[in-house]
Amino acid sequence: MSTCATASRESAESLAGTAAPARTWLLIEQTGPWGAHALTNSHLDPDVGRALEAAAEGTGVRVALIRRPGRHADCHGTSKRRMFLAHTVPGRSWIRTTTVTDTRAALDLDFTALGVGEHRGLWEPYIGEPLVLVCTNGKRDRCCALLGRPLAAELAAGGSEVWEVTHIGGHRFSPTLFVLPYGYAYGRASGPLVKQAVEAARDGRITSDHCRGRSAWDRPGQAADLAVRGLIGEDRADALDVVRTDPMWPEPKSADSRTPSNATVGGASPAWVVTVAHSDGRAWQVTVEQRADGAAAPASCGAPLGPPARMTVVSVTAANGMLHGTPQAAASR
């Protein structure tokens, strides 16, 4: 059976710079089935789902539903539900958690404050193992169910603190997931890779293997961060920060978009100069271009073919000169 994940894997499509941007995640436990648009098509009150979407818009907060791996009975009787808030910006990453009986409590949150990392003592600090969120919503894309659910079950059986999550973008990178508190996403994942990512997160580090990027930043920032990490061999999660992104051309397409290969502005690809700073005072300017010159593939199962909009690192320049000047696909690692 041909799937979007198979097509993406066979074309060696780049992973870096494809994570769903979210400075802060609001994760709400909702058992039972999920529809393609889970916030309004599940056992969550659709009025609550619509209100949460409206409240989060433009704040940097992304709302998603979660559930434990396993069978999902079609029932409405869950009395208590877990909720998590997680902020993923370097140096200020945190997770807060609570249990509620009514998900309408989430509507009282200050989304603007949460988007900039201000939890103001809300709920309780989460002090457990790193959280693994595996995308499994088969109604959104069959690859997420076919590949994501077995991985989530495997991780749960191995003792990981794992949840299924509704949608994190990039169906064609299934099985795909992200790890909190740092918010780095991974694609084409396996059990051993996730174990490595969790062990790294436990020690305040990341693994760059199959990494899509940190959700705290937009797509050019994600690609730039990973490029600098690969260049200097840095794996400490909070050692690097994207402090500035200056667009040279229009804003990037989403990770799920398709762009005609000849779609440019003024004859040039969209591009950005991203400034990446190290905690030791070093800094780099990374030139990133959005290109659409790869092999045609579907963004999701059943979608039309088109070249993926990918982030390509053109150069990395330090204050003392050029360190790397050969164009490369950001995820070629």
Distance-only, no hydrogens or angles: does the [X] side chain make a donor-acceptor pair with backbone N or O of [Y] under 3.5 Å?
{"X": "Tyr126", "Y": "Ala86", "answer": "no"}
{"X": "Asp203", "Y": "Arg205", "answer": "no"}
{"X": "Ser300", "Y": "Ala303", "answer": "no"}
{"X": "Arg62", "Y": "Ala56", "answer": "no"}
{"X": "Thr99", "Y": "Arg82", "answer": "no"}
{"X": "Arg214", "Y": "Thr88", "answer": "yes"}
{"X": "Ser160", "Y": "Ala156", "answer": "no"}

If you measure from [atom1] on [X] to [atom2] on [Y], what distance do you get to the nearest 0.5 Å?
{"X": "Glu161", "Y": "Leu155", "atom1": "CD", "atom2": "CG", "answer": "11.5 Å"}
{"X": "Glu118", "Y": "Arg92", "atom1": "CD", "atom2": "CZ", "answer": "8.5 Å"}
{"X": "Ile95", "Y": "Thr24", "atom1": "CD1", "atom2": "OG1", "answer": "11.5 Å"}
{"X": "Glu29", "Y": "Arg68", "atom1": "CD", "atom2": "CZ", "answer": "7.5 Å"}
{"X": "Leu147", "Y": "Thr6", "atom1": "CG", "atom2": "OG1", "answer": "7.5 Å"}
{"X": "Trp163", "Y": "Arg67", "atom1": "CH2", "atom2": "CZ", "answer": "12.0 Å"}

Test side chain to side chain contact (heavy atoms under 4.5 Å, CB included) on Asn137 and His167; report intermediate values, then the result. CA-CA 7 Å; Asn137 190 357; His167 180 55; 5.5 Å; no
Those residues at least two apart in sequence (or on a different chain) that pass side chain to side chain contact (heavy atoms under 4.5 Å, CB included) with Val243 are Asp241, Thr275, Ala277
The side chain to side chain contact (heavy atoms under 4.5 Å, CB included) partners of Arg188 (sequence neighbours excluded) come to Ser8, Arg9, Glu13, Leu15, Phe173, His210
Members sharing Leu52's hydrophobic cluster, built from side-chain contacts under 4.5 Å between Ile, Leu, Val, Met, Phe, Trp and Tyr, are Leu26, Ile28, Trp34, Leu39, Leu44, Val48, Val61, Val63, Leu65, Met83, Leu85, Trp94, Val100, Leu107, Leu109, Phe111, Leu114, Leu122, Trp123
### Task
Tell me, yes or no, whether the heavy-atom count around Arg104 atom CZ, taken from other residues, nucleotides or ligands under 6.0 Å, exceeds 12.
no
Aromatic ring pairing Tyr184/Trp217, orientation class (parallel under 30°, perpendicular over 60°, tilted between): perpendicular
Derivation and outcome, side chain to side chain contact (heavy atoms under 4.5 Å, CB included), residues Val198 and Arg202: CA-CA 6 Å; Val198 168; Arg202 190 184 297 126; 3.7 Å; yes
Please examine the side chains of [Y] and [X], heavy atoms only from C-beta on, and report whether any two atoms are closer than 4.5 Å.
{"X": "Ser215", "Y": "Arg23", "result": "no"}
{"X": "Thr136", "Y": "Cys144", "result": "no"}
{"X": "Val134", "Y": "Val162", "result": "yes"}
{"X": "Arg140", "Y": "His37", "result": "yes"}

Legend entry - From CA spacing to verdict: side chain to side chain contact (heavy atoms under 4.5 Å, CB included), Phe84, Leu180: CA-CA 10 Å; Phe84 294 95; Leu180 294 171; 5.9 Å; no
Specify the closest pair of heavy atoms between [X] and [Y], including all atoms of both residues, with the distance to one decimal.
{"X": "Gly121", "Y": "His119", "value": "N-ND1, 2.9 Å"}
{"X": "Leu151", "Y": "Gly191", "value": "CD1-N, 3.6 Å"}
{"X": "Val194", "Y": "Ala189", "value": "CG2-CB, 4.1 Å"}

Please determine whether residues [X] and [Y] belong to a single hydrophobic cluster, defined as Ile, Leu, Val, Met, Phe, Trp and Tyr linked transitively by side-chain heavy-atom distances below 4.5 Å.
{"X": "Tyr186", "Y": "Met311", "value": "yes"}
{"X": "Leu133", "Y": "Ile168", "value": "yes"}
{"X": "Leu27", "Y": "Val132", "value": "no"}
{"X": "Leu177", "Y": "Leu131", "value": "no"}

Would you tell me whether Thr18 and Arg172 have side-chain atoms, one donor and one acceptor, within less than 3.5 Å of each other? no
Between the side chains of Arg81 and Gln30, is a donor N or O closer than 3.5 angstrom to an acceptor N or O? yes
From the list Val242, Thr245, Val274, side-chain contact (heavy atoms from CB on, under 4.5 Å) with Asp218 holds only for Thr245
- Side-chain ion pair, Arg149 and Glu154, N-O less than 4.0 Å: no
Could you please spell out the steps behind the side chain to side chain contact (heavy atoms under 4.5 Å, CB included) verdict for Val228 and Glu234?
CA-CA 8 Å; Val228 173; Glu234 180 60 76; over 6 Å; no
